[in-house]
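What follows is a single structure, written as structure tokens, with notes after it.
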There are 2 protein chains.
Amino acid sequence: MNINPKKISNPQLKEQEFSINHQKLIDATIETIAKRGLADTTIAQVAKKAMVSQGYANFRFKSKENLLLSSLKFLSDEYKNSWQRIFEDNNLDPVGRVIKIIENDFSSKIASRNKIAVWVSFYSEVKFRPSYLTICQKQDEIYSSQMEKLIKELNFLTDQTFLTPREISETYLSMVDGLWQRILFDPKMYSHVFCKGLIKKYFKNIYTDEKRFV
Amino acid sequence: MNINPKKISNPQLKEQEFSINHQKLIDATIETIAKRGLADTTIAQVAKKAMVSQGYANFRFKSKENLLLSSLKFLSDEYKNSWQRIFEDNNLDPVGRVIKIIENDFSSKIASRNKIAVWVSFYSEVKFRPSYLTICQKQDEIYSSQMEKLIKELNFLTDQTFLTPREISETYLSMVDGLWQRILFDPKMYSHVFCKGLIKKYFKNIYTDEKRFV
DNA sequence: TTTTGTATTGAATAATCATTCAATATGGGT
DNA sequence: ACCCATATTGAATGATTATTCAATACAAAA
């Protein structure tokens, strides 16, 4: 018996990847990992949450592994887009851009405990799944180099010379990763306000004259 | 057929936890997680590496879950001991102590890619296993408060007043966690030398007069 | 040597799950 | 109204794996 009404495929979209069911399954995967962990995420649960049959989920993504990989790619793209929007905003000066970056990195959309749990689940498998590693490494490279360029502009406008742009950007990115992890342990103590404050204080200590790093 | 010679139990040690097989199994568990990941760690593999039968591993630890928990506890204790040794060394002044802490946190014993992989595997399950969370939270609390106290002493000796001890210690601990994670992604770029240098530069920037933060 | 209690084995069990696929549903074209 | 291509189902399959437990090995005591 076919309970669900048939989903109409859009012939314009040659790429399967954009169909409704495809995205429903990816969303359900992320939700399931967030709620139960990667180890306890089964195709049956994901399919149930996405309201399709178990067989369909597998058929659609060819394998569970591929479904997980697609979900990681989706998360990675989501993060990239939010970051990219800030860099493309021509109304921002370097300081404003850094502040937006910090605020984005600890926004409720990006740094929710659920999403962090999903990220860390994938991180934990990076050593064993080359495909995960590739995505995470590429992501890292992009943000490292973009952040470094941004700090270079910032240093150019100030008399800060002791720390190199590379050092500042690596320190920033490490702090973000570390704080995200700590949100997992204790989301109350490591509130978004606390994390943003800590990082702004770091920048304030470097660029003492800049009043916008509260 | 019983291939292995019987292991002699030491009646002095009432606590089962100290027998040879107990430790062999924990070591094998950590090695297996490091090599294959938490998801692909089976009792059969652990038992094989520890050179005991599969049944015995389960009998000894009551359950796989308990074996994993014991392994996490072991790792946690190992870290605590290395840290504690530094705090009990009365020959060190605050600066020397901070430097030792940094060097310990990126020593090959503590910050090997294998061990970090194991840590992150457990971290990734923290949201779903209260027993893991408890251990990680407790660990975090200890280091936060000890580090804060240490920085307080350091501030007392210098004219640094802008950053509070709490802020410095939280920043330090976050950076360490973040850098560890990055070692997973790219151990060559995030070499121990690089990580230690980055953190010392952070301290050097705060305590500009202190020449030992190279 | 024989007995006895403990340590250890390894094969059987039962549960869980990814994957497959034959059967069915659907909706547009004719 | 019928056909056809595609979408979707759901039950069956086979692989993997934690857990159990009856059988065996062993060391020390008697």
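Because the structure is predicted, anything quoted here is derived from the model rather than measured. Naming convention: chains lettered A, B, ... in sequence-line order (proteins, then strands); numbering from 1 in each chain.
- One finds no salt bridge joining Glu167(B) and Lys204(A) here, because no Lys/Arg side-chain nitrogen approaches an Asp/Glu carboxylate oxygen to under 4.0 Å.
- Note on Asn21(A): a side-chain N or O is less than 4.0 Å away from OP1 or OP2 of dT8(D).
- Exactly one of Trp83(A), Tyr143(A), Tyr172(A) qualifies for a side-chain hydrogen bond (donor to acceptor under 3.5 Å, both in side chains) with Asp105(A). That residue is Tyr172(A).
- Phe61(B) has its CZ atom 18 Å from the C1' atom of dT20(D), to the nearest Å.
- Between Arg182(A) and Asp177(B) a salt bridge is recorded (basic side-chain N to carboxylate O distance below 4.0 Å).
- In this model, the phosphate group of dT19(D) is approached by a side-chain N or O of Asn58(B) to a distance below 4.0 Å at OP1 or OP2.
- Around CZ of Phe59(B), the count of heavy atoms belonging to other residues, nucleotides or ligands within 6.0 Å does not exceed 12.
- Atom CG in Leu25(A) sits roughly 10 Å away from atom P in dT8(D) (whole-Å rounding).
- Taking 4.0 Å as the cut-off between side-chain N and carboxylate O, Lys73(A) and Glu78(A) do not count as a salt-bridged pair.
- Atom-to-atom, CE of Met51(B) to P of dT8(C) comes out at 13 Å; the value is rounded to the nearest Å.
- Spacing between atom OH of Tyr56(B) and atom C1' of dA23(D) amounts to 17 Å, rounded to whole angstrom units.
- The separation between Arg36(A) atom CZ and dT16(C) atom C1' is 12 Å, rounded to whole Å.
- With hydrogens and angles ignored, the 3.5 Å screen pairs no side-chain donor or acceptor of Ser76(A) with any backbone N or O of Leu72(A).
- Between the CZ atom of Phe59(B) and the C1' atom of dA25(D) there is a distance of 15 Å, given to the nearest Å.
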Reading DNA chain D 5' to 3', how would its secondary structure be written in dot-bracket notation, given Watson-Crick and G-U pairs with both distances under 3.5 Å, brackets [ ] for crossing pairs and | for partners on other strands? ||||||||||||||||||||||||||||||

Mind listing the N/O atom pairs, protein and nucleotides 12-17 of chain D, below 3.5 Å?
none

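- To the nearest angstrom, P of dT9(D) lies 15 Å from NZ of Lys48(A).
- Ser19(B) and Arg60(B) are linked by a side-chain donor-acceptor pair at a separation below 3.5 angstrom, with hydrogens and angles left out of the test.
- Looking at residues two or more places apart in sequence or on another chain, you find no side-chain hydrogen bond (donor to acceptor under 3.5 Å, both in side chains) involving Glu148(A).
- Around the CZ atom of Phe87(A), the shell of radius 6.0 Å holds more than 12 heavy atoms that belong to other residues, nucleotides or ligands.
- Atom NZ in Lys24(A) sits about 15 Å away from atom P in dA7(D), given to the nearest Å.
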